[in-house]
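For reference, the structure is listed below as structure tokens.
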Amino acid sequence: MRPFLFNEKIKEKIQANLLRWFKENQRDLPWRKTKDPYAIWISEVMLQQTQVQTVIPYYQRFLNIFPDLRSLAKAPLSKVLKVWEGLGYYSRARNLHQASQIVLNNFNGRIPDRLEDLLRLPGVGKSTAGAILSIAFNKKAPILDGNVKRVLSRLIAFSNDQRKERGENLLWQISQSLIPKGVARTFNQALMDLGSMICTPRHPNCQDCPLMKLCQGFGSGKPESYTPSSFRKRIPHFFGIAAIIQKNEKVLLIQRPPEGFLGGLWEFPNWRIGRNERRLSVRLRNKIKEEFGIEVIVKNDLGPFSQAYSHFRLTLQVFSCEYLHGNGMGRWISIKKLDQFPMSRIHRELSRVI
DNA sequence: AATCCGGGGAC
DNA sequence: GTCCCAGGATT
């Protein structure tokens with residue numbers, strides 16, 4: 001297949017218009033105040049599938065606690081997960097932690113500035129590597145995040161059907177080919193800002209776009225149609241029961257396995273149940289006895305707690321329980337220290353109602 | 001090529 | 001409620 005190339009004049013116009021626009025309109029973001037590759041790496045990982053406004057407080061806090069690569073590499077994973085708590089996609093925190101140790105050991109603590117080295121770090125894919133190379137090192141490396149995909153797709157009127165047939169290689173090529181010499185850092189950030197501020201998914205503000213006259217999506221009259229159509233499957237709704245088991249001033253927590261869903265996070269004992277199950281408190285007491293070997297009295301129904309995940313919805317019916325006797329797995333945690341343990345959102349909410 | 005992996009902002 | 005976010009890893 002012939003590589004896609006803009007006419008040289010068009011390309012220069014795109015570059016000039018975008019850079020001019022960026023100079024006046026760029027967002028003021030905390031990670032733009034630094035050129036520290038470590039800090040930029042942190043920001044890029046946090047920004048994976050996560051909106052800028054959500055990331056900002058996490059980024060500030062993370063860098064206060066782990067100001068440099070060594071401090072991150074030397075920290076226990078549980079502490080990293082704790083700082084990450086609430087941000088989601090916790091494998092990012094695990095990968096970041098592991099990658100920081102690789103960088104410390106194999107690269108003398110310096111974030112590598114070669115694509116092949118970056119791609120070997122867990123949690124760094126092509127787009128994050130491109131962002132680090134361009135933003136931290138001003139190298140001519142392409143990025144292709146959600147914003148840039150949309151901007152470039154509209155720019156060349158790359159339809160969803162074409163995207164399905166041809167994949168995204170074309171968009172990568174264009175992203176690469178557009179970068180002007182010497183200003184990769186600025187240009188890539190300009191592409192992202194355009195995508196988030198002007199070339200938005202549903203109602204792009206074409207009238208304010210510096211690329212309007214050069215944009216084939218605008219020319220087509222239907223710039224909204226170039227966002228990938230997602231046939232969202234109906235997500236299942238799961239139900240469960242959870243127990244806050246108190247013994248003196250402590251409660252029973254279990255830690256999830258280190259990999260997979262919410263890996264490494266702590267939670268209150270909980271079990272899936274059917275949608276229409278009854279006698280939940282009896283069910284819960286039996287479960288606790290079977291799995292933990294602990295006898296309890298189920299006391300209060302603390303009500304339902306719900307959380308929507310990407311692929312399912314969960315509603316937990318929560319009961320407070322009084323410990324009687326027995327011993328098993330799990331860990332008794334002082335209620336005062338619950339805040340120190342990384343938890344997913346719904347379990348953090350439970351910890352607040354004790 | 002599909003699917004898993006969180007949580008939240010915007011509408 | 002829906003859509004989507006500065007994606008990566010796994011299968």
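When reading the values below, keep in mind they use all heavy atoms of this one structure, side chains included, and skip hydrogens, waters and symmetry mates. Here is the naming used below: chain letters follow the sequence lines, and residue numbers restart at 1 for every chain. Worth saying up front: this structure is predicted, and the values here are computed from it rather than measured.
- The stretch residues 131-148 of chain A touches DNA chain C through A:D145, A:G146, A:N147, each having a heavy atom under 4.0 angstrom from the strand.
- The shortest distance between the side-chain N/O atoms of A:R345 and the OP1/OP2 oxygens of B:dG6 is not below 4.0 Å.
- Using a 4.5 Å heavy-atom cutoff, the side chains of A:I294 and A:Y323 are in contact.
- In this structure, NZ in A:K126 is found 8.0 Å from CG in A:L144, a value given to the nearest 0.5 Å.
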Working note: A:V55 + A:T50, criterion side chain to side chain contact (heavy atoms under 4.5 Å, CB included); need CA distance, chi angles, decisive distance, verdict. CA-CA 7 Å; A:V55 165; A:T50 311; 3.7 Å; yes
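- Contact between the side-chain N/O atoms of A:S310 and the OP1/OP2 oxygens of B:dC4 is not found at any separation under 4.0 Å.
- Test A:V148, A:L211, A:N17, A:T200 against A:L194 for side chain to side chain contact (heavy atoms under 4.5 Å, CB included) and you get one pass: A:L211.
- Contacts between residues 21-37 of chain A and DNA chain C, defined by a heavy-atom separation under 4.0 Å, are made by A:R27, A:L29, A:W31, A:R32.
- Residue whose closest nucleotide on DNA chain C sits further toward the 5' end, between A:S196 and A:L121: A:S196.
- Residue A:Y226 is found outside any hydrophobic cluster, as its side-chain heavy atoms come under 4.5 Å of no other Ile, Leu, Val, Met, Phe, Trp or Tyr.
- The closest side-chain heavy-atom distance from A:L96 to A:V80 is not below 4.5 Å.
- For A:G260 and A:H203, each mapped to the nucleotide of DNA chain B holding its nearest heavy atom, the one lying further toward the 5' end belongs to A:G260.
- A:W41 and A:Y38 have perpendicular rings, their planes meeting at more than 60° on a 0 to 90° scale where under 30° would count as parallel.
- Looking at heavy atoms from C-beta onward, A:L152 lies in side-chain contact with A:L178 at the 4.5 angstrom threshold.
- Listed by residue number, there are no residues of residues 184-193 of chain A with a heavy-atom contact under 4.0 Å to DNA chain B.
- Residue A:K250 qualifies as open at atom NZ: its count of foreign heavy atoms under 6.0 Å is 12 or below.
- A heavy-atom distance below 4.5 Å is found between the side chains of A:M343 and A:S351.
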Determine whether A:S153 and A:R163 satisfy the following criterion, side chain to side chain donor-acceptor pair (under 3.5 Å), listing intermediate values before the conclusion. CA-CA 9 Å; A:S153 294; A:R163 181 197 299 264; 3.0 Å; yes
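- Contact check, A:Q49 against C:dG7: a side-chain N or O comes under 4.0 Å of OP1 or OP2.
- Heavy atoms of A:Y89 sit under 4.0 angstrom from at least one base atom.
- Ring-plane geometry between A:W31 and A:Y59 is classed as perpendicular, the angle between the planes exceeding 60 degrees on a 0 to 90 degree scale with a lower cut at 30.
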Can A:D68 and A:K74 be said to form a salt bridge (Lys or Arg N to Asp or Glu O under 4.0 Å), step by step? CA-CA 10 Å; A:D68 52 32; A:K74 296 293 185 187; over 6 Å; no
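- The residues A:R114 and A:D117 are annotated as salt-bridged, a charged nitrogen and a carboxylate oxygen being separated by less than 4.0 angstrom.
- Nearest to the side-chain atoms of A:Y90 among the listed nucleotides C:dC4, B:dG6, C:dG8 stands B:dG6.
- Within residues 53-66 of chain A, no residue is approached by DNA chain C to less than 4.0 Å at the level of any non-hydrogen atom.
- For B:dT3 and C:dA6, the P atoms lie 24 Å apart once the distance is rounded to whole Å.
- Listed by residue number, there are no residues of residues 94-105 of chain A with a heavy-atom contact under 4.0 Å to DNA chain C.
- Mapped onto DNA chain B by nearest heavy atom, A:G88 and A:R202 fall at different nucleotides, with A:G88 at the one closer to the 5' end.
- Note on A:Q307: a side-chain N or O is less than 4.0 Å away from OP1 or OP2 of B:dG7.
- At a cut-off of 3.5 angstrom, counting only N and O atoms as typed in the model, there is a donor on one side and an acceptor on the other between the side-chain of A:T50 and the base of B:dG6.
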